[in-house]
Amino acid sequence: MDAKVRVRFAPSPTGGLHLGGVRTVLFNYLFAKHNNGEFILRIEDTDQTRFVSGAEQYIQDTLAWCGLVPDESPLHGGPYGPYRQSERKAMYKEYADKLIEQGNAYYAFDTPEDLDAKRKEIPNFQYSLTHRMGMKNSLSLSKEVVDELLKNNTPYVIRIKVPENEEVSLEDVIRGHVSFDTNMVDDKVLLKADGMPTYHLAVVVDDHLMKITHAFRGEEWLPSAPVHVLLWKYLFGLDKMPKWAHLPLILKPDGNGKLSKRDGERLGFPVFAMDWFDPNTNNTTIGFKERGFLPEAFVNLLAMLGWNDGTDKEMYTMDELIAGFSLDRVHKGGAKFDYEKAKWFNAEWIKKMDNDKLAGLVQPFFDKEGIEVHDPAYLVKVIGLVKERCHLLPDFITQSSFYFKAPTEIDTSSIAPKWDAKKSDFFKALAKIYSSKIASGIITEPAVELEAAFKELVAKHELKAGELMLPFRIMLVGSKFGPGVFEIVEAIALKNTIERIEYSLQLLS
RNA sequence: GGAGCGUUCGACUAAGGGUUAGGUCACCUCCCUUUCACGGAGGUAAUACGGGUUCGAAUCCCGUACGCUCUACCA
């Protein structure tokens with residue numbers, strides 16, 4: 001019987017989580033849940049120099065927003081902790097020592113300056129069998145010298161000793177058989193001079209200790225996979241190694257190459273899941289959440305970048321994704337990110353979502369804009385009226401602010417050219433009728449009745465409705481958009497309607 | 001330079017030897033709408049190239065081109 005499925009997402013806390021990262025989390029999560037397995041978050045904070053405070057919290061917050069909550073993590077705990085690699089430092093040394101004992105790793109005393117010099121001196125320098133005997137390490141130096149260096153606390157790193165003339169291969173779940181000639185792979189550093197492991201040692205040790213069954217990561221890791229396979233072979237046995245799946249990259253929309261934060265800034269769309277404030281630069285990078293994306297839409301669109309179920313279906317809930325997900329339908333090739341399509345997904349999700357729920361999400365955007373909502377029920381109603389013309393949550397501001405306050409800008413230039421005294425008289429009469437209704441206690445009326453009354457008055461003034469609808473709309477909305485004119489009147493009520501007519505009349509006179 | 005991976009409309013993708021190569025976004029046209037959207041109906045548009053294998057290839061094989069990733073005491 002197969003062991004319980006356990007997968008992990010292992011980011012380093014160096015900044016905001018970008019699209020590719022979240023998609024990796026998503027696939028991990030979907031695979032785990034599809035197989036009744038567990039999803040673990042492990043923080044790879046072994047690089048002290050790149051650590052950014054707040055980044056780990058940000059990652060947890062992002063996963064929570066997306067609904068991709070881990071079963072085990074630094075925050076949630078779990079039986080295989082600690083879940084921060086910096087807190088597991090001692091464990092790695094043990095395995096590095098074991099490798100040395102086995103003869104599969106060695107001490108290297110070259111300083112970073114030595115290495116720089118070598119790389120300059122020898123084009124395409126590789127720390128591997130071709131050059132390692134010319135370097136300063138426990139393979140090239142005598143035992144006495146090495147012992148002496150160690151005794152004097154000379155800084156050293158531990159490197160893997162990659163074997164000669166072997167083929168290392170793995171069965172990637174997505175790519176199939178992938179193989180490498182060991183003569184082409186170099187002796188990667190396993191343990192750094194500060195005693196911290198590099199990624200290479202840490203993934204293998206932690207995946208083993210945390211009983212990971214399937215290891216997903218971006219395609220950019222494929223070239224270093226042979227090192228990991230070798231490590232598994234030396235340390236725990238190939239039969240214990242998790243199944244690898246190297247996910248396709250998410251590419252920039254124009255040209256080629258991996259999507260970067262820079263592309264988002266250049267092209268005007270978010271790349272991070274949520275706003276990321278970098279404490280080192282004091283800069284905030286915009287996120288999908290703050291741009292007004294729904295988490296449901298964000299997850300949905302990410303899932304469609306590199307996976308599909310073989311049908312034409314594009315709209316998926318998380319549960320549907322979990323039910324339908326399978327690795328053999330994940331693509332090999334990268335997918336270019338298309339912001340227009342992303343917005344389309346969001347628009348579809350806005351249309352699908354309950355007005356009540358939407359109201360709660362729109363409210364913060366209104367608050368920020370200073371639009372006051374006195375009656376929550378009114379907001380819900382308005383949202384229902386305008387939701388189908390909104391792609392992003394902030395669109396609700398432009399699409400519905402006139403329901404809450406009179407428009408500040410009136411597009412009189414669209415009225416003025418065809419404006420005359422007859423039309424002016426008409427609107428004065430209309431306002432008068434509305435006033436008298438208010439006087440008799442009527443606050444508002446159904447749109448159909450308003451329209452009928454309007455047309456009656458139009459006929460009386462010997463005008464055409466078509467000439468008056470647009471001016472009326474602009475008086476109410478400020479511009480040429482929005483739901484039906486009389487639906488708007490019904491919603492904002494007679495009193496506001498009169499005020500807006502009168503204000504516009506003033507501007508036009 | 002080396003190694004690895006990849007390549008279907010502009011973009012995301014379907015078709016796992018037999019379809020007029022399908023769907024969605026974007027774009028265009030029309031309808032609906034006395035506005036803008038939504039919705040509906042159409043349209044433009046693709047198998048990188050060259051060889052095989054086969055009755056038959058987007059699909060299998062080989063080569064070429066192009067692209068990407070990696071080539072750090074970063075992940």
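Each chain gets a letter, A, B and so on, in the order its sequence line appears, and its residues count up from 1.
Counting any heavy atom pair closer than 4.0 Å across all strands shown, A:Gly218 reaches no nucleic acid atom. Residue A:Thr14 is out of contact with every strand shown, counting any heavy-atom pair closer than 4.0 Å. Within 4.0 Å of A:Ser179, counting heavy atoms only, lie sugar-phosphate atoms of the nucleic acid but no base atom. In this structure, A:Asp110 reaches the bases: a heavy-atom distance under 4.0 Å links it to at least one base atom across the strands shown.
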Throw together a table of side-chain donor-acceptor distances under 3.5 angstrom for residues 108-115 of chain A, partners on residues two or more places apart or in other chains.
residue, atom, partner, partner atom, Å
A:Asp110, OD1, A:Lys136, N, 2.8
A:Asp110, OD2, A:Tyr127, OH, 2.6
A:Thr111, OG1, A:Glu113, N, 3.4
A:Thr111, OG1, A:Glu113, OE1, 3.3
A:Thr111, OG1, A:Asp114, N, 3.0
A:Thr111, OG1, A:Asp114, OD1, 3.3
A:Thr111, OG1, A:Asp114, OD2, 3.3
A:Asp114, OD2, A:Thr111, N, 3.0

List the atom pairs, donor and acceptor, that lie under 3.5 Å between side-chain atoms in residues 400-407 of chain A and the rest of the protein, sequence neighbours left out.
residue, atom, partner, partner atom, Å
A:Ser400, OG, A:Phe396, O, 2.5
A:Ser401, OG, A:Ile397, O, 3.3

Pairs under 3.5 Å (N/O, protein and nucleotides 68-71 of chain B):
residue, atom, partner, partner atom, Å
B:U69, OP1, A:Lys258, N, 3.4
B:U69, O2', A:Glu220, O, 3.4

Polar-atom pairs under 3.5 Å, protein N or O versus N or O of nucleotides 21-24 of chain B: list them with distances, or write none.
residue, atom, partner, partner atom, Å
B:U24, O4', A:Glu314, OE1, 3.2
B:U24, O2', A:Glu314, OE1, 2.6
B:U24, O2', A:Lys341, NZ, 3.0
B:U24, O2, A:Lys341, NZ, 2.7

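Contact check on A:Glu348 versus A:Lys352 returns no salt bridge, with no Lys/Arg side-chain nitrogen under 4.0 Å from an Asp/Glu carboxylate oxygen.
Applying the Watson-Crick and G-U wobble criteria (two distances, each under 3.5 Å), B:U47 pairs with nothing in any strand. For B:G67, the paired nucleotide is B:C5, the pair qualifying as Watson-Crick or G-U wobble because both relevant distances are below 3.5 Å. Across all strands shown, B:G10 is found opposite B:C25 as a Watson-Crick or G-U wobble partner, with both distances under 3.5 Å.
Nearest to the side chain of A:Ala335, among B:C5, B:G39, B:C12, sits B:C12.
Contacts between residues 456-478 of chain A and RNA chain B, defined by a heavy-atom separation under 4.0 Å, are made by A:Ala465, A:Gly466, A:Met469, A:Arg473.
The closest side-chain heavy-atom distance from A:Met210 to A:Arg42 is below 4.5 Å.
To the nearest 0.5 Å, atom CD1 of residue A:Ile250 and atom CG of residue A:Asp263 are 12.5 Å apart.
Panel note: side chain A:Asn346, backbone A:Phe298; no donor-acceptor pair is recorded below 3.5 Å.
For A:Ile174 and B:G4, the CD1 to P distance is 19 Å, given to the nearest whole Å.
The minimum heavy-atom distance linking A:Tyr83 with A:Ser73 is given by the pair CD1-O, 3.6 Å.
Sorted by first and then second residue, the ring pair (Phe, Tyr, Trp, His ring centres under 6.0 Å) pairs with a member in residues 458-480 of chain A read A:Phe426-A:His461, A:Phe427-A:Phe472, A:Phe454-A:Phe472; sequence neighbours excluded.
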